[in-house]
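These notes are about the structure you will find just below.
These figures come from a predicted structure and were not determined experimentally. As the structure lists them, so they are numbered: ligands from 1, and atoms in each ligand from 1.
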Amino acid sequence: MTVGMGATVAVATEATATSSSASAISADQDQADQARSASRTASRTASRTAAGLQDAGVGAATWGHDPERAPASIAGLYFGDHGAHGHDIESLFIDSCLPSNCVDAVTNLMAFHPTYLDIYRTTQNFILRGDGPLPFDYRHYIAIMAAGRHQCDYLINMQKQEFLMQGGNQMWLKGLSHIPPKLHDLYEINKILAHRPWLLNKSHIEKLTKGQDSWSLAEVVHALVLLAHFHSLASFVFGSGINDEPRYHLSCETTRVEEPVLTLSPPPHSSKAQTTTVKLDERKGFKDENPVAMSPTEPEVGVDTLMERMKTLSERSEEVSAEEHKKRFEHVESQSAELSVPLGQRTPPIKPDISHFVEDPKFAYVDFAHRGVQIPTFRVQDYSWDDHGYSLVNRLYSEVGNLLDEKFKTTASLTYNTMGGRQDVDTTTFRRAVWNYIQCIYGIRHDDYDYGEVNQLVERSLKAFIKTACCYPERLTRRDYDRVMREFLHSEKIHVNLMILEARMQAELMYALRAMMRYMT
Ligand SMILES: CC(C)C[C@H](N)C(=O)O
């Protein structure tokens, strides 16, 4: 399969030439891929320029195939060993600096996967700071509204800063009752998209685009992309244990510095004329803490068993009828409903300092079993990102379709052929099961996929983690991160969290764009 993403992702994609079939990426999309490839490359260059980014030159090649070397390299950098690739990593971090001049914890963790971080960063910069129909203050406020649905104070605080840096009206930060009606009109869609995207229909789009002070279609698409991005990013933030661990909120020191610090000086070609000071202990602390040794919970299927199952599944040639495929999907879907209070936790009360950004806080995810018969399964063969979503976004908000497409593909195909320290493992079936399970939670079915594989490869504790991260991320704590996937390396747990982010984002966008398309035709 041609992914056409240039040298930075060649390693990862080459290693997973087969990973695209039947997952987010369907087997028959090679042609479409080739057609897109050229425009994607061109657009990527344009997007980088528009977003004011330098090419950090970071890719899988920077750390080879082994992501566990990533933190080692970073740790080396922390302690002054810039090594041969130090400069690449430096550039990456400098490009990811917050306006407040620090490297954020999200970037810090995503750096386990530089190939991914590269496209993530380009996309986020573009939708927040690049060419686009929405004014900059709106963009950051929409991000706040989105993060508010999951009470993600980490993201809310970060976006509040950016909002003010863009000259945003301070009054708006007093809460939703202080924002212009036009912006407030988006809240209903924000709410539905975050928790029950299957309820979005053309009337929601119509309401926004009709009447006084209405939204243009391009503005709606821009807003939808921002909403989906920040809802899903909240899943990553909670799923990776960032939100409730203040020590992972990398902070910038302006005065007293007790810990050893790394001073990142901008490379000569950088347009940033500042110096970034990052506290060093956080990432080291993250790495040093050994989750495997932490408190025991229910036994997990070990990596060796998982590897055997993956092997058996990839070798088998069982013919499964369409009817059986459907039944297996429905079985996984209804089983997921039984995990209804995952990890036995409840949503915590909203903190007073963010409650003014949240309306109708009780509006939440509803399990398949309680959705009512009138909600049909979303079949990817009828409406897919590849065939429909991608081109609709590109038409109304040019460049972004390409960036999202590349981000989805990079994530779906990301592999190092490793698992829990074992080498040369084909992890395709596991990764595909995780991706498709995430979308199954949203009622999305990939017709050619055998959901029986999900039950063989994604055990209950991981399902519960995934479901909580997608639907109730605010319930997750660092402890949940520690207790799940205990044989996986940190980089692999973050890898799974990236899949949660992207598969959820794609699911939201598929529903949102289908509603747009129905409105437009
Ligand atoms: C999520 C992980 C198990 C992924 C695996 N390390 C791979 O390289 O494909």
Side-chain angles (χ1 to χ4, degrees), residues 1 3 8-25 59-72 109-118 120 235-236 239-241 287 291-292 300-311 313-314 407-439 453-454 456-459 461-467 469-470 480-504:
M1 181 187 113
V3 176
T8 51
V9 288
V11 176
T13 51
E14 196 183 310
T16 51
T18 56
S19 72
S20 50
S21 61
S23 149
I25 304 171
T62 306
W63 287 311
H65 292 250
D66 180 0
E68 281 303 295
R69 287 176 55 206
L109 289 187
M110 285 180 179
F112 271 115
H113 304 285
T115 311
Y116 173 83
L117 176 58
D118 191 26
Y120 166 84
S235 289
F236 181 85
S240 310
K287 170 116 181 83
V292 180
E300 285 187 319
V301 172
V303 165
D304 290 326
T305 313
L306 198 53
M307 280 168 57
E308 271 164 36
R309 291 185 189 170
M310 288 193 299
K311 194 152 179 289
L313 285 173
S314 56
K407 189 155 64 76
F408 294 144
K409 283 191 169 56
T410 300
T411 317
S413 62
L414 187 71
T415 185
Y416 309 86
N417 294 308
T418 54
M419 190 176 256
R422 279 73 154 179
Q423 306 290 323
D424 298 321
V425 188
D426 181 354
T427 60
T428 308
T429 46
F430 173 75
R431 290 180 291 106
R432 189 163 55 209
V434 167
W435 186 284
N436 287 347
Y437 179 64
I438 295 160
Q439 299 202 329
E453 295 191 7
V454 169
Q456 296 214 40
L457 302 175
V458 188
E459 62 189 320
S461 64
L462 181 52
K463 277 186 183 158
F465 179 83
I466 290 174
K467 183 172 172 189
C470 287
D480 299 308
Y481 171 89
D482 288 336
R483 287 179 152 204
V484 76
M485 305 178 268
R486 290 197 302 277
E487 278 193 48
F488 281 6
L489 305 175
H490 276 307
S491 60
E492 292 176 326
K493 291 182 171 206
I494 298 301
H495 189 160
V496 170
N497 274 295
L498 290 178
M499 287 195 276
I500 293 172
L501 189 173
E502 295 300 334
R504 174 182 180 187

(request) May I have the step-by-step check of side chain to side chain donor-acceptor pair (under 3.5 Å) for T429 and S314, ending in yes or no? (result) CA-CA 7 Å; T429 46; S314 56; 5.7 Å; no
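- Here the closest heavy-atom approach between residue G420 and residue V303 is recorded as CA-CG2, 4.4 Å.
- Side-chain atoms of K493 do not come within 3.5 Å of backbone N or O of G239 as any donor-acceptor pair.
- F112 and F488 have their aromatic ring centers separated by at least 6.0 angstrom.
- Using a 30° and 60° split on the angle between ring planes, H490 and Y481 fall in the parallel class, below 30°.
- Atoms of ligand 1 lying under 4.0 Å from at least one heavy atom of H495, given by number and element, are 1 (C), 4 (C).
- R422 and M307 make their closest contact through CG-SD, 3.9 Å (heavy atoms, listed as atom of the first residue, atom of the second, distance).
- Within the 4.0 Å heavy-atom criterion, both parts of T418, backbone and side chain, lie near ligand 1.
- In the vicinity of F488, heavy-atom distances shorter than 4.0 Å reach the ligand 1 atoms 3 (C).
- Contact atoms of ligand 1 toward T427: 5 (C), 7 (C), 9 (O) (distance under 4.0 Å to a heavy atom of the residue).
- Heavy-atom separations between R431 and ligand 1 include at least one value shorter than 4.0 Å.
- Taking every non-hydrogen atom of Y416 and a distance limit under 4.0 Å, the qualifying atoms of ligand 1 come out as 7 (C), 8 (O), 9 (O).
- Proximity of N417 to ligand 1, defined as any heavy-atom pair under 4.0 Å, is confined to the backbone N, CA, C and O atoms.
- Taking every non-hydrogen atom of V496 and a distance limit under 4.0 Å, the qualifying atoms of ligand 1 come out as 1 (C).
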